[in-house]
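In each ligand, atom 1 is the first atom listed, and ligand 1 is the first ligand listed.
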Amino acid sequence: MENKKTILIVEDEKNIVDILRFNLQRSGYATAEAYDGADGLAKARGSNPDLILLDVMLPKKNGFDVCKTLRDEGNNVPVIILTAREEEGDKVRGLEIGADDYITKPFSMRELVARVGANIRRTTELSHSAAERESGPVPLAGNLSVSAESHMVFRSGRPIDLTQREYDLLTFLAAHPNKVYSRVDLMEQVWNYGYVGDDVRTVDVTVRRLREKIEENPASPAYIRTRRGMGYYFSSAAEAQ
Ligand code: CA
């Protein structure tokens with residue numbers, strides 16, 4: 001029997017936790033729960049969930065602080081922020097501190113389960129120690145290399161902390177060098193969403209974060225380039241920086 005993926009629900013409204021648990025379990029996931037930010041952080045660290053659904057307004061520690069703390073600690077578990085209102089500021093802030101996605105309350109369970117499926121880590125992340133030294137990462141371009149097995153990207157041989165979404169975006173673009181993708185294309189291909197709307201902003205924020213991590217000069221990127229008015233592409237001409 002296949003191991004179930006575990007979703008950690010961090011949410012202080014019990015009725016929302018109940019309905020999330022019910023629907024996620026029905027969709028084949030195991031669940032864990034925390035009702036405040038401090039406990040959520042402890043369970044994220046201790047129980048190694050495959051994905052976290054993270055409310056923003058929480059007792060003890062808000063969702064942004066929980067997410068930021070995890071990222072600062074090098075924890076790249078996929079995080080979906082549950083925002084209470086249609087506030088662009090909350091969405092962008094969540095993505096900027098390293099969340100993979102956000103969903104606005106009230107949400108449909110069908111949409112939420114689809115988002116969970118689209119964001120969950122598709123392969124078990126290996127430690128990038130022993131196994132990595134044996135096979136070694138494969139050159140991507142310039143001074144970037146990648147290990148598909150452990151989902152790690154290296155810059156001049158040093159591992160870079162990427163979220164799952166940043167990794168997916170980089171490897172998708174790099175797999176089709178010099179081909180320009182619009183933000184709508186990327187939402188569909190990388191985010192696996194069949195709809196768009198305002199959410200294309202997500203692509204811009206993720207590109208910006210990715211550039212800050214992989215580019216020598218994020219303001220003048222060598223790898224992830226912008227084709228003005230059209231979209232983004234991975235430049236195969238990038239030299240070792
Ligand atoms: Ca709340």
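- Without hydrogens or angle criteria, R155 side chain to L144 main chain gives no donor-acceptor distance under 3.5 Å.
- For M109, the CE atom sits in a packed shell: over 12 heavy atoms of surrounding residues, nucleotides or ligands are nearer than 6.0 Å.
- Using a cutoff of 4.0 Å between basic side-chain nitrogens and carboxylate oxygens, R71 and D100 are scored as salt-bridged.
- Ordered by chain and number, D12 OD1, D55 OD2, M57 O make up the set of protein N, O or S atoms under 3.0 Å of the Ca ion (ligand 1).
- In this structure, K43 contributes its side chain and A34 its backbone to no donor-acceptor pair below 3.5 Å.
- The distance from the CD atom of E11 to the CG atom of L20 is 7.0 Å, given to the nearest 0.5 Å.
- In terms of modelled atom types and a separation under 3.5 Å, the side chain of E215 and the main chain of Y223 share a donor-acceptor contact.
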